[in-house]
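Notes follow once the structure below has been shown.
Because the structure is predicted, anything quoted here is derived from the model rather than measured.
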Amino acid sequence: ELLLHQFHDILPGSSIGRVYVEANKAHEAIHAGAQELLDQAIDALTERKEENAVTVWNSLSFDRKALVELPEAFGAGARTLEGQAVPVQKTEAGVKAIVDIPSCGAVSLVPAEAGASGDGAKAAVSVKEEGDGYVLENSQVRAVVDGRGEVVSFVLKESGREYAAQPMNRFRLYKDVPRLFDAWDIDSNYILQEVKAATEVSVEKVGEGLEGVLKVSGRISESGFTQYIRLAADSRRLAFETEVDWKELHRLLKVSFPVDVYAENGINEMQFGYVERPAHRSRLYDKDRFEVCNHRYSALCDGSHGAAVLNDCKYGISVKEGQLRLSLHKGGCMPDFRGDKGIHECTYAFLPHLGGFSAGNVIEPAYLLNEKTLQVSGSLPMESLLTVGTDHVIVETVKPSERPQRGEAPSDGAGEKSFILRLYEAEGAGDRVAVSFGIPVKGIAETNLLEETLKEYEAAQELVLDFRPFEIKTLKIYY
């Protein structure tokens, strides 16, 4: 049902209006069914022994540090079940905390006495007014945002390097009248038809402490927008949480990040890896790549340093000579005159790094932007389902097996069961990797994508695998 309603004309917004009425209805039913399964799983896994206990889950295959919101009962402080203090800040919007969560696992928190969380929360991120804008600063970076909501300076403290070649987070609006397919195409001459973008812009401070937040409001032609610029404690990532009430016709909206990085090629994520494309227009066929695809990230790097633009739902970008311009909205009117008009929400982010392109510098942060933590009531005795011995082999899928028991017959619900683990090498660097399990394992099999067994392994709590660059491996884990 889900895949049926992700037909290629549904996803890009190039179907007639009736299609989206039906697809939205189907997706609502799918979400409701998935939520019911999730609730059942949470009830089975969590305990209610500790009053006011909260468990925060991490679905990713690497450890993460996450900023989370907690109930009012945690206003005085928080600690883990093992007694470790957790940084907490009480704000007008609620209680915020920074927690460390293991890979494919969870951490359980309980309220603590006043002062147990220390005093570091207040100074973690400062937001100070400067001129007509603000300076957001933490232990890692210093970002200057002007009165238009544009980032006019971004310095990575470790190197002292300035990354903003020109103002970043600048909205760029263009006339967009394709010759043939209105909802499908972007013609190369759009770049010659830029019109005025953001007007009536205001910037105000929302908060500081564990997270520095600015609110940017304004208009883009006939469309209103609201944006929250967020910088968390000890983070290099500057996130832009954006909502646009899109009312434009035959317009293309991009957001630009001109960076001080020289790179011949741009790096664009694709499924299970990335592709490198020229960041110049020297050759005829390079000129045809004025707009390319990306999934969660696009990056420029020169070996010693680099920068990436991350996103959670925007898949078109132009990369040229240090400019990363992410496509946000398009105003086509055929086959559906209403096109994309309405409320749109997205989050994109700017992330600098030192050294070359790597999983730790770009790929893992892109996953973190896209995969939120899950917070539930109750506590959990288990910490981690599994760990992977390197950061560039990533668990992409954990799912029930189509044939849960050994052999070819479907399970009748009795005896041994299994789940599927799908991993891939994300960096283009082959490696030997150990995968360790936090639950008792009765057997392991390597399968193809159809879950047909290729190789059997002895039951063990750790399995060592050899990965070629960008290789995908599928494992069936019996328990």
Side-chain angles (χ1 to χ4, degrees), residues 57-66 99-107 140 158 234-237 267-276 294-299 301 303-308 310 351-371 373 382-399 419-439 441 444-449 454-455 457-477:
W57 294 79
N58 171 25
S59 64
L60 299 173
S61 58
F62 47 86
D63 298 348
R64 71 186 297 177
K65 183 186 291 286
V99 295
D100 294 303
I101 319 173
S103 63
C104 292
V107 61
Q140 301 289 319
E158 184 177 352
D234 298 322
S235 174
R236 297 180 176 184
R237 186 188 80 188
I267 299 172
N268 309 115
E269 190 193 27
M270 59 184 290
Q271 59 274 33
F272 299 106
Y274 63 83
V275 60
E276 294 189 63
N294 80 158
H295 283 191
R296 284 165 288 219
Y297 64 80
S298 284
C301 63
S304 68
H305 73 293
L310 318 178
L351 180 72
H353 65 82
L354 291 180
F357 175 85
S358 69
N361 283 336
V362 177
I363 302 171
E364 285 187 355
Y367 269 90
L368 292 172
L369 182 72
N370 279 265
E371 303 297 333
T373 57
M382 182 194 77
E383 288 191 357
S384 179
L385 173 68
L386 63 90
T387 57
V388 181
T390 181
D391 62 359
H392 61 99
V393 170
I394 294 175
V395 174
E396 177 65 22
T397 304
V398 180
K399 64 179 284 290
F419 63 90
I420 292 296
L421 202 63
R422 185 161 295 128
L423 311 91
Y424 77 103
E425 198 290 310
E427 200 176 271
D431 204 351
R432 173 165 287 189
V433 181
V435 181
S436 303
F437 302 95
I439 60 171
V441 173
I444 304 172
E446 186 172 345
T447 77
N448 59 20
L449 294 178
L454 303 176
K455 183 179 180 180
Y457 294 95
E458 294 293 330
Q461 293 305 116
E462 181 176 281
L463 177 65
V464 177
L465 297 167
D466 289 312
F467 279 83
R468 299 191 304 274
F470 301 125
E471 184 179 8
I472 304 168
K473 286 186 182 292
T474 303
L475 303 177
K476 180 182 285 189
I477 312 300

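- Contact check for Tyr274 versus Asn268: no side-chain heavy atoms found under the 4.5 Å cut-off.
- Not counting sequence neighbours, the partners of Ala434 by the side chain to side chain contact (heavy atoms under 4.5 Å, CB included) test are Glu462, Val464.
- Contact detail for Arg422 and Leu449: the closest heavy-atom pair is NE-CD2, 3.4 Å.
- Residues Phe437 and Ile444 have side chains in contact (heavy-atom distance under 4.5 Å, counting atoms from C-beta outward).
- The side-chain heavy atoms of His392 and Ile363, taken from C-beta on, include no pair separated by under 4.5 Å.
- Ser384 and Leu386 get closest at one heavy-atom pair: OG-O, 3.0 Å.
- What you find for Cys301 and Ile267 is that their closest heavy atoms are SG-CD1, 4.1 Å.
- The structure places CZ of Phe62 at 4.5 Å from CD of Glu364, a figure rounded to the nearest 0.5 Å.
- One distance of note links NZ of Lys476 with CG of Leu454; it measures 11.0 Å at 0.5 Å rounding.
- In this structure, CG in Leu475 is found 7.5 Å from OG1 in Thr447, a value given to the nearest 0.5 Å.
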Passes side chain to side chain contact (heavy atoms under 4.5 Å, CB included), Tyr297 versus Phe357? Steps please. CA-CA 12 Å; Tyr297 64 80; Phe357 175 85; 3.6 Å; yes
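- Every residue meeting the salt bridge (charged side-chain N to carboxylate O under 4.0 Å, His left out) condition with Lys399, not counting sequence neighbours, appears here in chain and number order: Glu402, Glu451.
- The CG atom of Asp466 sits 7.0 Å away from atom NZ of Lys473, with the distance rounded to the nearest 0.5 Å.
- To the nearest 0.5 Å, atom CG of residue Leu385 and atom OG of residue Ser103 are 8.5 Å apart.
- The backbone N or O of Leu60 sits less than 3.5 Å from a side-chain atom of Asn58, completing a donor-acceptor pair.
- Atom-to-atom distance recorded for Phe467:CZ and Ile472:CD1 is 10.0 Å, nearest 0.5 angstrom.
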In sequence, state the C-alpha distance, the side-chain angles, and the governing distance for Leu421 and Thr474, and then conclude on side chain to side chain contact (heavy atoms under 4.5 Å, CB included). CA-CA 6 Å; Leu421 202 63; Thr474 303; over 6 Å; no
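- For the pair Ala429 and Glu425, the tightest heavy-atom approach, listed with the atom from each and the gap, is N-OE1, 3.0 Å.
- A 4.5 Å side-chain heavy-atom check between Asn294 and Glu269 finds every atom pair outside the cut-off.
- Residues His353 and His305 are not in side-chain contact: their nearest non-hydrogen atoms beyond the backbone lie 4.5 Å or more apart.
- Using modelled atom types and a 3.5 Å distance limit, the side chains of Glu396 and Tyr367 yield a donor-acceptor pair.
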Please assess Glu427 against Ser358 for the test side chain to side chain contact (heavy atoms under 4.5 Å, CB included), listing each intermediate value before the final yes or no. CA-CA 6 Å; Glu427 200 176 271; Ser358 69; 3.5 Å; yes
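- Taking each heavy atom of Asp391 and Gly360 in turn, the nearest pair found is OD2-N, 3.5 Å.
- A side-chain donor-acceptor contact under 3.5 Å links Glu446 and Tyr457.
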Check the pair Val388 / Ile394 against side chain to side chain contact (heavy atoms under 4.5 Å, CB included), numbers first and verdict last. CA-CA 8 Å; Val388 181; Ile394 294 175; over 6 Å; no
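- For the pair Arg236 and Glu158, the salt-bridge criterion is met [side-chain N within less than 4.0 Å of a carboxylate O].
- Using a 4.5 Å cut-off on side-chain heavy atoms (C-beta onward), Leu310 and Pro365 make contact.
- Residues meeting the side chain to side chain contact (heavy atoms under 4.5 Å, CB included) test with Thr373, sequence neighbours left out: Val56, Arg64, Ala66, Val68, Ile101.
- Nearest heavy-atom pair, Val441 versus Gln461, reported as atom, atom and distance to 0.1 Å: N-OE1, 3.0 Å.
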